[in-house]
There are 2 protein chains.
Amino acid sequence: MFKKETEYALRGMVYIQLQNLKERRPGVAEIAREIEAPYFFTAKIFQRLAKQGFVKSMKGKGGGFFIDPEKKDLPLKELIIAIEGEELFIGCGFGLKNCDENNPCPMHHQYGMIRDQINQLVAGETIQSLARNTLSKTLAFSRENVDER
Amino acid sequence: MFKKETEYALRGMVYIQLQNLKERRPGVAEIAREIEAPYFFTAKIFQRLAKQGFVKSMKGKGGGFFIDPEKKDLPLKELIIAIEGEELFIGCGFGLKNCDENNPCPMHHQYGMIRDQINQLVAGETIQSLARNTLSKTLAFSRENVDER
DNA sequence: ATATTAAAAGACCTTTTTATCTTTTATTAT
DNA sequence: ATAATAAAAGATAAAAAGGTCTTTTAATAT
Ligand code: FES
Ligand code: FES
């Protein structure tokens, strides 16, 4: 579905968000290790995401990546479009130059429904919501927090 | 969503099916022109599909491609898997090595629903059903949109 | 038979994606 | 200050996707 770069970015951003919640700023080495992505490729990806403002970074000792806590939740869609464009969210499944309601391809109806659902997922979910999701699952198994839910 | 090769194959197969219904056997030149795909790339793709048995061909004067009318409808899924594998139909949207119900990624639930719908589309629709679809409505086929020419 | 037609085969090329490595710059702890 | 640390920058490269071209083989019309 997504490019490798997008997958690494998604996993890495969620990992950074999770660590930030623990008052930690993971570096490239840690991120790459945890999301099981190649070190240098991960470095390059987050370098770009930093330049684009999706993540902040600090150099030097104790440095690493963090997500601006002031900023509101980041929808997956914004991140994905920045990496691989919006073709997946607007394009025709049959490969026509553009999906046109008035000139539909033979799978327009069914594919349109799938595309709508994809749009709903990436517009509705955010890096933060995925992090919270991960956290709640973890909490369900953790010994410290058996009581609530 | 799909690779270019898959898109060309889908469009080409539907075009062949449509022409076969008119008792015609289109050649590579005609197919490539009609689906607006590069000639030699189209040639290579259908050469491979012929070898794999998805389409039959005749060399020489009056030759071209045709779909065995004896064979039952060909589900898109079979064709797509032959070209680009089944990752799209079984893989994890977050990029985990495999989608595991017991070890779900943070988008497992929502992505799973999308993947299910994709599977439903490609298992339910066939080259023949898309061709019939094109015939019944006045659907777009070429990559051009009629109103913009 | 021969000329013509059209697919098969396979070598070749270009671009994009994925990945690696080295050097430079910024930050911090000491 | 200086040593240690970690990201930024940018060059390089392997692999996959996308595309092109030439030669060979098969079929048919004449
Ligand atoms: S025209 Fe193909 S999906 Fe809309
Ligand atoms: S584990 Fe990611 S989609 Fe199922």
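None of these values were measured; they are calculated from a predicted model. Chain letters run A, B, ... following the sequence lines, proteins first and then strands; every chain starts at 1.
At a threshold of 4.0 Å, the pair A:Glu36-B:Lys97 counts as salt-bridged, since one of the basic side-chain nitrogens sits closer than that to a carboxylate oxygen.
The residue among B:Lys3 and A:Val28 whose nearest nucleotide of DNA chain D is located toward the 5' end is A:Val28.
The distance from atom CZ of A:Arg33 to atom C1' of D:dA6 is 14 Å, rounded to the nearest whole Å. The separation between A:Phe41 atom CZ and D:dG10 atom C1' is 16 Å, rounded to whole Å. At whole-Å resolution of the value, NZ in B:Lys56 and C1' in C:dA8 are 16 Å apart. B:Phe46 has its CZ atom 17 Å from the P atom of C:dA6, to the nearest Å. The interatomic distance linking A:Ile45 (CD1) with D:dA9 (P) rounds to 16 Å, in whole Å. Regarding A:Lys4, its NZ atom lies at a distance of 11 Å from the P atom of D:dA16, rounded to whole Å. We find that CZ of A:Arg25 is positioned 16 Å from P of D:dT5, with the value rounded to whole Å. Counting to the nearest Å, the P atom of D:dG18 and the CD1 atom of B:Ile83 are 11 Å from each other.
With contacts defined as side-chain heavy-atom distances shorter than 4.5 Å, the pair B:Asn20/B:Pro69 does not qualify. Annotation: side chain of A:Gln128 is in contact with side chain of A:Gln17 (closest heavy-atom distance under 4.5 Å). Annotation: side chain of A:Arg115 is in contact with side chain of A:Cys99 (closest heavy-atom distance under 4.5 Å). Between A:Lys77 and A:Phe89, the closest side-chain pair of non-hydrogen atoms falls below 4.5 Å. Within the 4.5 Å cutoff, side-chain heavy atoms of B:Met1 are placed close to those of B:Ile118. Under the 4.5 Å side-chain criterion, counting only non-hydrogen atoms from C-beta, B:Glu78 is not in contact with B:Thr126. No side-chain heavy atom of B:Ile80 sits less than 4.5 Å from a side-chain heavy atom of B:Glu86. With a 4.5 Å cut-off on side-chain heavy atoms, A:Ile83 and A:Phe2 do not count as touching.
Residues forming a side-chain hydrogen bond (donor to acceptor under 3.5 Å, both in side chains) with A:Asp116 (at least two apart in sequence, or on another chain): none.
Rotation axes derived from the C1' atoms of the five outermost pairs at either end of the helix from C:dA1-D:dT30 to C:dT30-D:dA1 lie 0° apart, to the nearest 10°.
Linking Ile, Leu, Val, Met, Phe, Trp and Tyr residues whenever their side-chain heavy atoms come within less than 4.5 Å leaves B:Leu10 and A:Met113 in two separate clusters.
Taking side-chain N and O atoms only, A:Lys51 has a distance below 4.0 Å to OP1 or OP2 of D:dA9. Using a 4.0 Å cut-off, no side-chain N or O of B:Ser57 falls inside it from OP1 or OP2 of C:dA6.
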Which pairs would a plain distance check flag for residues 45-62 of chain B, meaning a side-chain donor or acceptor within less than 3.5 Å of a matching protein atom at least two apart in sequence or in another chain?
| from | atom 1 | to | atom 2 | distance (Å) |
| --- | --- | --- | --- | --- |
| B:Arg48 | NH2 | B:Glu5 | OE2 | 2.5 |

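Nucleic acid contact class of B:Phe65 (heavy atoms, under 4.0 Å, all strands): sugar-phosphate only.
Interface residues of residues 6-21 of chain A facing DNA chain D, ordered by number: none; criterion, heavy-atom separation under 4.0 Å.
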query: How does each nucleotide of nucleotides 22-30 of chain D score, in 5' to 3' order, for protein heavy atoms under 4.0 Å: base (B), sugar-phosphate only (S), or none (-)?
result: B--BBBSS-

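Checked options B:Glu30, B:Arg33, B:Glu34; the residue passing with B:Tyr15 is B:Glu30 (criterion: side chain to side chain donor-acceptor pair (under 3.5 Å)).
Below the 3.5 angstrom threshold, one finds no donor paired with an acceptor across the side chain of B:Glu5 and the base of D:dA17.
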Protein and nucleotides 12-14 of chain C: nitrogen or oxygen contacts under 3.5 angstrom:
none

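Closest to the side chain of B:Pro38, from the set C:dT20, D:dT20, D:dA9, is D:dT20.
The distance between the ring centers of B:Tyr8 and B:Phe41 falls below 6.0 angstrom.
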